[in-house]
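Naming convention: chains lettered A, B, ... in sequence-line order (proteins, then strands); numbering from 1 in each chain.
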Amino acid sequence: MNYDFREIEAKWQKYWAENETFKASNDSEKPKFYALSMFPYPSGAGLHVGHPLGYIATDIYSRYKRHKGFNVLHPMGYDSFGLPAEQYAIQTGQHPAITTENNINRYREQLDQLGFSFDWSREVCTSNPQYYKWTQWIFIQLFNSWYNKKSDKAENISSLISIFEKEGNTDVEATCDDDTPSFDAAAWNRFSEKEKQEILLKYRLTYLADTEVNWCPALGTVLANDEIVNGVSERGGHPVVRKKMTQWSMRITAYAQRLLDGLDKIDWPQPLKDSQTNWIGRSVGASVTFNVLDAERSRSDQDVISDDDVTSSAVEKPYEIEVFTTRPDTIFGVSFMTLAPEHELVDKITTPEQKAEVDAYVEATAKRSERDRMADVKTISGVFTGAYAEHPFTKEPIPIWIGDYVLASYGTGAVMAVPCGDQRDYDFAKHYNIDIPNIFEGVDISEEAFADKESTIIANSDFLNGLSYKDAMKKIIAELEKIGHGEGKVNYRLRDAVFSRQRYWGEPFPVYYVDGMPQMIDLEHLPLQLPEVEKYLPTETGEPPLGNATEWAWNAETNEVVSNDLIDHKTVFPLELNTMPGWAGSSQYFNRYMDPRNDDAIFSPEAINYWQDVDLYIGGSEHATGHLLYSRFWQKFMFDMGYVPKDEFAQKLINQGMITGTSAFVQRVTYFFTELGNPVEIEQPIRKPFLISRNHFIEVLRGIATGDRSKEEQIKSWIYDILDDDVKSKLDLKQWQIIVPIHTIHADVSLVNASDELDVQAFKKLNPEYLDAIFIGENGEVIEDDNDIYVVSREIEKMSKSKYNVVNPDAICEEYGADSLRLYEMFLGPLEQSKPWNTAGITGVHSFLKKLWKLYSPFIDSDAERSRSVTEAEPTAENLKTLHKTIKKVEEDIENFSFNTSVSTFMICVNELTAQKCTSKAILEPLAILVSPYAPHIAEELWSRLGHSESIAEAPFPKFEEKYLVESSKEYPISFNGKMRFKMELPLDMGKDEIEAAVMAHEKTKEQLQGRSPKKVIVVPGKIVNIVG
RNA sequence: GCCUUGGUGGCGGAAUUGGUAGACGCGCUGGAUUCAAAAUCCAGUGUCUUCGGACGUGUGGGUUCGAUUCCCACCCAAGGUACCA
């Protein structure tokens, strides 16, 4: 009987579902094991072969743990709020809930096909109101909390209020807004209710604040950095500017230190910890305030305020610039200051003479993305504001500049520039001819800055002269504190997380506004469900999409959502229009799986106390600073509130590598005409897209490198050839130039064959904008039928729908089966590394499964009754050696997450047992269990053919026994100067000297030495012999 | 730019503590079987070679009896870089 994987796989998938084989109990005598895969976003494209990689790994581990006697929780769900569904809704008008449901159904079908041991009864879906009720609940908990630095944990806001009532806030140590005023108890008690709310908002763990966003006026929306290409929106190419907007924020900075410290307790990959450490970015230094010199200030204020105000402002405190520096010891080397162009003082201190230049620079900077500004270290730009600050010690005036290398979002958005000690400051000073005072003893700074802290001796620095870095740091901080110009400070790069999105498809905030102040809706009225809207776009007045809803007001008496028309600001109030970001729903889902159908609580105390935390979490490293940091933050908060017993949610984490795809590109030449370098409009522009095959593209690239323009000339002549005659008549090629920039455009890989040849007709069909495109083939002919071939260029990239390089698992499953796909995905290479996908190799693992099946044929072919007697045969020593070698290796591999090598081991095992003609049940039975985590369907089938009526799922894992592997001799590699030359079989119990004697006596040794006497002979018993000489 | 990961045959990769480089699989070549094809099976397959052997793990150095493995410098590729998920 042949290996009929279709029948076998369908049979066992049905069996598992009907028998709820993998349903986990919240109450068990067995030890618990919680294995979790990161849940997917259900995109319209369905699963591609990259998705299951991590799921298969988690599934193998889960199944292994069941064989090892654990009660395993292995759930799956969907992170189903997100941008693509909303984008699709905008384009088609289809409600995202509907597309999302369709996508989820498709995902479920695909997941079911792969034979995962998920407990589907625990499925969650972040866009389901029964689920997001609890996301809203956590938001309210955060709103009702503040961070007490004294107890170093979050506490209920009521404890803060009672402190305010008794003693005001002067003695409170809390993480709060920078502009929080001081007040005493009497003042607090005099505040109006609204004033009290405003103050409390400065302490709450989620709060409203003005934050900078990438605003695209044309689209009426905020864009991710990702959606901005070269300063314009990816969609439509509209301009994008940085702008401030009132939004919800999460006070994650309160947890900065604990998030850092917690990393030591968890078994996560070091690179991931590094990236969180860098993200949090702890640096120790000092904050220093510089006063802006008065003269400059009043001058710049003159044009905006009346004379009266000038006199009154003269007695006020001068403007202060606060900077954070890690090198306060270099303060005597300050020769200028640089503010971020967005810094709030820029407007106020700029002199009238400099105003035009500064304004232009600020405007230009607003168009650049932060990433752009960080990455670009080559171009130095900045503008002098005309204002000066006063050095706190020397009282010298220091010019204040603005420059886009200073980011508003980091530190205070201002730096004290010490050009002799910082390369960026140095370059800036050189570029603008600013002084570079040297404050380091015996260091040459004529070429570059000197940033080495360890070997520094400070000079030209008044009271710091002669001190080392360490001593100078202590001294300067003390002096700064003495004169009231600064203090020692620990600064974190981590910023509070913006929690508002101007989108439709996300969790609504359970918030309404009374007199402009946010009010929370009570738990008993949750979930607050997303309203229906006509359009998913921002409103004409620039409000988020929820602004389109007509039923989106809160009646605070009846506690229900009512029509906007009823808003009277007495009982009916407007609801929040923003929604929560993608990471809201995923920040506690791992805990919700423990008790997913609970309507009274996010989870029961029994459930959380049984499961505690995730034992193994597998997912992509791209989530390092998003999901994985925010989840740790929420977990710590939940821990502070006493809801969860562990302050880290996942003990061990593994990053599976990406599966990369081989993208295909066509080269589009865009062309326009210029005369002496100026673009010229011609009456009948040629609108047809023009695409060239690969070798032409390569020649153009080579031409750019070598200065050879001949290929471009050829392209020009091709373009000229296809012009209409009347256009031709207007062009004199000698006078007119055709400029030919080339854009590479993704082509769907399914349209390209193994020789990289594009199916041009299919491409045109799939991309209607290229219907009348002109394709120039490899031989330089315009492709009409099959007169020439068009070759694409290829590149390895992340597998992604947007890159048109996805490979779908469905067809593979259909042709080879889920077990083959599972084995093949593991066989590709180490789990944690990224690797390219190539379906061709799957035949190898598929034929392995066929060989495995054949090995069990005495149990499968029912007519082979005579072979029954054979199967009871005692296993040979050889059989046992092969089996136990395999048990040892496979067990080690699973524990080390080295699944690729296990697959090889199985292949070797089956090859050996086949060669040994092994038919012994004592060997084949444990082998089926070994294989079962990897290829569960065939293992179940073989198990039942071996005569078992129960599922293999909980069969005990075979026990490795060393005794079957004991060897008496070893084939020693004999090497000369480190190179292996021949081998020699010697007993393992032979001593060092005997081995040396035996080797030296060997005739091949003499041959190798050719009469020389060896300088040295190294003998490592059981390993190797190396002869030097 | 910065942070992280990786670089070994035509391809995916293996080499567990510094000890036989290329396991296992794909592909390719030759053969068996077949009317033929598919499937299956057998043999070979890093490069060069004067057939003795020599060289060989991105490049250049270093440590060592011995380096894919450890150290230094560099090159290349991929991922992340705060609103893609």
Side-chain angles (χ1 to χ4, degrees), chain A residues 2 38 40-41 43 79 81-84 87 213-214 221-228 234 247 269-272 274-275 277-279 370-378 405 409 424 493-495 497-503 581-583 586 620-627 629 655 657-658 660 795-798 800 802 824 827-830 832-838 840-845 847-848 850 889 892-893 896 898 900-901 903-908 911 971-983 1007 1014-1018 1020 1022-1029:
Chain A
N2 283 332
M38 284 184 191
Y41 173 77
S43 82
D79 188 13
F81 274 132
L83 265 185
Q87 210 48 53
V213 294
N214 299 312
T221 188
V222 174
L223 298 178
N225 281 338
D226 198 58
E227 298 172 287
I228 305 167
E234 195 178 25
Q247 304 192 87
Q270 195 54 43
L272 196 152
D274 290 348
S275 95
T277 304
N278 293 335
W279 193 260
E370 237 176 65
R371 196 183 299 175
D372 214 33
R373 284 163 60 177
M374 278 190 285
D376 186 3
V377 291
K378 292 198 187 93
Y405 75 100
S409 53
R424 281 172 317 176
R493 200 178 72 103
L494 182 73
R495 321 200 277 253
V498 179
F499 200 67
S500 295
R501 296 292 183 268
Q502 295 68 45
R503 312 281 186 197
W583 55 271
S586 58
S621 61
E622 65 274 23
H623 299 282
T625 50
H627 162 60
L629 194 63
N655 289 131
M658 251 180 332
T660 51
E795 214 171 283
I796 304 277
E797 288 184 300
K798 178 176 175 174
S800 156
S802 63
Y824 187 55
F827 189 57
L828 277 180
E832 304 189 41
Q833 277 171 29
S834 73
K835 48 214 163 259
W837 180 264
N838 175 14
I842 199 170
T843 53
V845 293
S847 58
F848 156 73
K850 284 198 264 191
K889 176 81 176 130
E892 278 170 9
D893 283 347
N896 293 322
S898 173
N900 54 326
T901 48
V903 181
S904 306
T905 305
F906 288 135
M907 289 174 172
I908 293 166
N911 288 346
E971 196 174 33
Y972 277 91
I974 313 301
S975 51
F976 292 79
N977 298 320
K979 293 259 173 209
M980 202 276 287
R981 292 304 177 213
F982 66 93
K983 290 176 189 171
E1007 208 174 285
K1015 290 196 189 95
K1016 206 171 180 184
V1017 178
I1018 289 154
V1020 185
K1023 285 253 157 120
I1024 200 169
V1025 177
N1026 189 20
I1027 297 162
V1028 186

Check whether any side-chain heavy atom of A:T905 lies under 4.5 Å from a side-chain heavy atom of A:D893, and answer yes or no. yes

Which atom of A:V498 lies closest to which atom of A:W583, heavy atoms considered: O-CZ2, 4.1 Å

Watson-Crick or G-U wobble partner of B:rA21, both distances under 3.5 Å: none

Relative to the 5' end of RNA chain B, which residue comes earlier, A:V845 or A:G829, by the nucleotide with the nearest heavy atom? A:G829

A:R493 atom CZ is separated from B:rU81 atom P, nearest whole Å, by 11 Å

Indicate for each nucleotide in nucleotides 50-72 of chain B, in 5' to 3' sequence, whether protein heavy atoms under 4.0 Å reach the base (B), only the sugar-phosphate (S), or nothing (-). ----S-B--------BS------

Taking syn as any angle within 90 degrees of 0 and anti as the rest, which one fits B:rG9? syn

Does a side-chain heavy-atom distance below 4.5 Å link A:T660 with A:K835? no

Report the distance from atom OH of A:Y824 to atom C1' of B:rG13, rounded to the nearest whole Å. 11 Å

Across every strand shown, the nucleotide meeting Watson-Crick or G-U wobble geometry with B:rG1 (both distances under 3.5 Å) is B:rU81

Across all strands, who's sitting opposite B:rU29 as a Watson-Crick or G-U wobble pair, both distances under 3.5 Å? B:rA43

Within the 4.0 Å heavy-atom criterion, would you say A:K850 contacts the bases, only the backbone, or no part of the nucleic acid? sugar-phosphate

How close or far is atom C1' of B:rA23 from atom CG of A:N900, stated in whole angstroms? 12 Å

Is any side-chain heavy atom of A:V213 closer than 4.5 Å to a side-chain heavy atom of A:Q247? yes

Using the C1' atom as the point on both nucleotides, what is the distance between B:rG10 and B:rC28, in whole Å? 8 Å

G-U wobble or Watson-Crick pairing nucleotide for B:rC74 (cut-off 3.5 Å, both distances): B:rG58

For B:rU64 versus B:rG79, give the span between their C1' atoms, rounded off to a whole number of Å. 36 Å

What integer number of Å spans the C1' atoms of B:rC75 and B:rC24? 32 Å

Is the closest side-chain heavy-atom distance between A:F976 and A:F982 below 4.5 Å? yes

OP1 or OP2 of B:rC26 sitting under 4.0 Å from any side-chain N/O of A:N838? no

If we take the C1' atom in both B:rA67 and B:rA78, what is their distance in whole Å? 27 Å

Looking for any heavy atom pair under 4.0 Å, which part of the strands does A:N911 touch: base, sugar-phosphate only, or nothing? sugar-phosphate

Rounded to the nearest 0.5 Å, what separates atom CD1 in A:I1027 from atom OG in A:S975? 7.5 Å

I'd like the P distance from B:rA23 over to B:rU47, given in whole Å. 13 Å

How far, in whole Å, is B:rG22 from B:rA32 if one measures between their P atoms? 31 Å

Nearest-angstrom distance from the residue atom CZ of A:F848 to P of B:rC26: 13 Å

On a whole-Å scale, what distance lies between the P atoms belonging to B:rA21 and B:rA54? 13 Å

Quick note, A:T901 side chain, CB onward, closest among B:rA23, B:rA14, B:rG13 is B:rA14

Length of the line joining A:K835:NZ and B:rA14:C1', which is rounded to integer Å: 15 Å

For atom C1', what is the distance between B:rU57 and B:rC3, given to the nearest Å? 27 Å

Where does B:rG52 fall, syn or anti, if syn means a chi angle no more than 90° from 0? syn

Can you tell me which nucleotide in B:rA39, B:rG12, B:rG19 comes closest to the side chain of A:L828? B:rG12

In whole angstrom, give the distance that lies between atom NZ of A:K889 and atom P of B:rA23. 15 Å

Using 0.5 Å steps for rounding, measure from the CG atom of A:L494 to the OG1 atom of A:T277. 11.5 Å

Closer than 4.0 Å, any side-chain N/O of A:N2 to the OP1 or OP2 of B:rA39? no

For the side chain of A:I908, counting heavy atoms from C-beta on, which of B:rU5, B:rC24, B:rG80 is nearest? B:rC24

For A:P269 and A:N655, work out which heavy atoms get closest and say how close. CG-OD1, 3.4 Å

Taking all atoms of both residues into account, what is the closest heavy-atom pair of A:G978 and A:N1026, and its distance? N-OD1, 3.0 Å

Would you indicate whether the side-chain heavy atoms of A:Q833 and A:M658 approach each other to under 4.5 Å? no

Considering every strand and a 4.0 Å limit on heavy-atom distances, what is the contact class for A:L494: base, sugar-phosphate, or nothing? base

Report the residue (A:S847 or A:G844) whose heavy-atom-nearest nucleotide on RNA chain B is the more 5′ of the two. A:G844

Looking at every non-hydrogen atom in both residues, tell me the closest pair between A:V1025 and A:Y972 and how far apart they are. CG2-CD2, 4.2 Å

Just how far, in rounded Å, is P of B:rG18 from NZ of A:K1023? 10 Å

When the distance from CE of A:M907 to C1' of B:rG12 is rounded to whole Å, what number comes out? 12 Å

Out of B:rA78, B:rC24, B:rC3, whichever nucleotide has its closest atom nearest the side chain of A:M658: B:rA78

Mind checking A:E832 for me? I need base, sugar-phosphate or nothing, with any heavy atom below 4.0 Å counting as a touch. nothing

Suppose we call two aromatic rings close when their centres sit under 6.0 Å apart. Are A:W837 and A:Y824 close by that rule? yes

Quick test: give all pairs of protein nitrogen or oxygen and nucleotides 83-85 of chain B nitrogen or oxygen below 3.5 Å, distance rounded to 0.1 Å.
unit_1	atom_1	unit_2	atom_2	d
B:rC83	O4'	A:R501	NE	3.4
B:rC83	O4'	A:R501	NH2	3.3
B:rC83	O2'	A:L223	O	3.1
B:rC83	O2'	A:A224	N	2.6
B:rC83	O2	A:R503	NH2	3.4
B:rC83	N4	A:Q247	OE1	2.7
B:rC83	N4	A:S500	O	3.4
B:rC83	N4	A:Q502	OE1	3.4
B:rA85	OP1	A:L83	N	3.0
B:rA85	O3'	A:D79	OD2	3.3

